[in-house]
Amino acid sequence: MNFPAELRYTKEHEWVKLEGDIAIVGITDFAQSELGDIVYVEIETAGQTLAQDEIFGSVEAVKTVSDLFLPIAGEILEVNEALVNAPELVNSDPYGEGWMIKMKVANIADVEALMDTDTYKEHVGH
Amino acid sequence: MEQTEALKLVHLNDVHVALGAKMVPFAGYSMPVLYTNLIQEHIGVRTGVGVFDVSHMGEFVVKGERATEFLQYVTSNDVSVLVDGKVQYSCLPNDKGGIVDDLLVYRWNENEYYLVVNASNIEKDWNWLQQNNTFGVEMENISEGLSLFAVQGPKAIDTLKKLTDLDLDSMEYYSFKSGTIAGIGDVLISSTGYTGAGGFEVYVWNKDAEAMWKAIFEAGAEFNIMPVGLGARDTLRTEMGYCLYGNDIDDSTSPIEAGLGWITKFNKEFINSEFHQKIKENGPTRKLVGFEMIDRGIPRQHYEIMDAAGNIIGEVTSGTQSPTLSKGIGMGYITKEYTKVGSEVYINIRNKYLKAVVTKMPFLK
């Protein structure tokens, strides 16, 4: 299982990639593997400013549905529209084409406080 | 982790773990829910052959001169139409208007039957049957000693034919034979299953279970045989509209409401038969129906079913994304006004009212 070193992780199995004050957010390889075949990704919070840990959407697999929790506070700028018709991208490329949102980060230090690769690997027992 | 420690293991537990199965608690057992990928396992059964270890199921032997009479009284279907070597789907009505369990009844001869019941209900069924045994029949619970493999899919017959001289081609749906398979004697095989994909179920004593499992996989290798978990078992049975005890039927549902009128025969008396006959005569106030999503969404157990005005008219009892149809399908009890095929209903999916249409089952035509 792949957990790129340049990313930060949450205990809810989201990843964050920081580019300036913009963060790209998705779910981890572990999360997509646990969920199985993803059928719907529903994110209707574009344009909203939300607090850390607020629900920003949901991801639905054949057998389960899970909420998506915002890893850090900020404004949701963009949602990956490709996931509407190709939600399976989250399974096939969770850190690439399966990204979920781009957001403007309220406080960069929030990102630094998230788990690094080694800590996350420990969290999921890998 | 007290609960985990108390879980029972199927005889081939180590085999499943070695195959990399994800094991989950189900009906008091640690069971393989998934081996690789749910959709692949589902499609594998629909198009080829897959094997489920469903050894958690319960098996009772019922013997005695009045065995037929006893089963006529405790089950809803008409046991008198069974002949030796035939199987019947039925249920055990309780005395409160509901169902103790649904089950298969195998007739060995008029004085000996085998009952196959749900794992979660083994103890409840046993006690219920004992309590109602005023017919002097002898009962034995052989669940612990038996393994059960469901070999399902269009290639199941070609797989199993390689292993036995039993004439599988001539077996009618819902019949059984006993004999030797893969050199293992005293095996029972029935043309039954819970997938709608065709195939067989193989009952084998635990001492021979591993050898049987291996032989089936060797024989099926040329058909890309695969182990299949309970996850795909659920999506497969939902596509067929088959009831799952605990979801679609339970201690409070009448078989008439559940669309199981075809296994509820009033040409004989059975436990609480008058009550169900009245429901049939008056028409049930609610019925278990199937529905397909028109809007994008997946219905799931306990979601509310609403009318166009937002009034609650029922509840989802089973629901999933259908891997074959690539849309949400479900079953649920709905008040009778909305049960006609083609009725538009709404499913409350996380506070969104998404449109669905009442559909004739099976969903898979």
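In what follows, every chain begins at residue 1, and chains take the letters A, B, ... in the order their sequences are listed. In what follows, every heavy atom counts, from backbone to side chain, and hydrogens, waters and symmetry copies are set aside.
- Listed here is the closest heavy atom pair of A:Ala61 and B:Arg300: O-NH2, 2.7 Å.
- Remark: A:Asp37 CG to B:Ile39 CD1 distance equals 3.5 Å, nearest 0.5 Å.
- Contacts of B:Lys352 with chain A are made by side-chain atoms alone, with heavy-atom separations under 4.5 Å and no backbone atom involved.
- Of all residues spanning residues 317-324 of chain B, those with a heavy atom less than 4.5 Å away from chain A's heavy atoms are B:Thr320, B:Gln321, arranged by number.
- Interface residue A:Glu34: backbone and side-chain heavy atoms are both found under 4.5 Å from chain B.
- Along residues 63-83 of chain A, the residues that come nearer than 4.5 angstrom to chain B, judged on non-hydrogen atoms, are A:Lys63, A:Thr64, A:Val65 in order of number.
- By the ring pair (Phe, Tyr, Trp, His ring centres under 6.0 Å) test, A:Tyr40 pairs with no residue at all, sequence neighbours left out.
- With a 4.5 angstrom heavy-atom cutoff, A:Ser33 does not touch chain B via any of its atoms.
- Sorted by first and then second residue, the pairs that involve residues 17-29 of chain A and meet side chain to side chain donor-acceptor pair (under 3.5 Å), not counting sequence neighbours, are A:Asp21-A:Lys104, A:Thr28-A:Tyr120, A:Asp29-A:Gln32.
- The neighbour count for A:Glu122 CD, taken as heavy atoms of other residues, nucleotides or ligands under 6.0 Å away, does not exceed 12.
- A salt bridge does not link A:Glu60 to B:Arg296: none of the charged side-chain nitrogens sits closer than 4.0 Å to a carboxylate oxygen.
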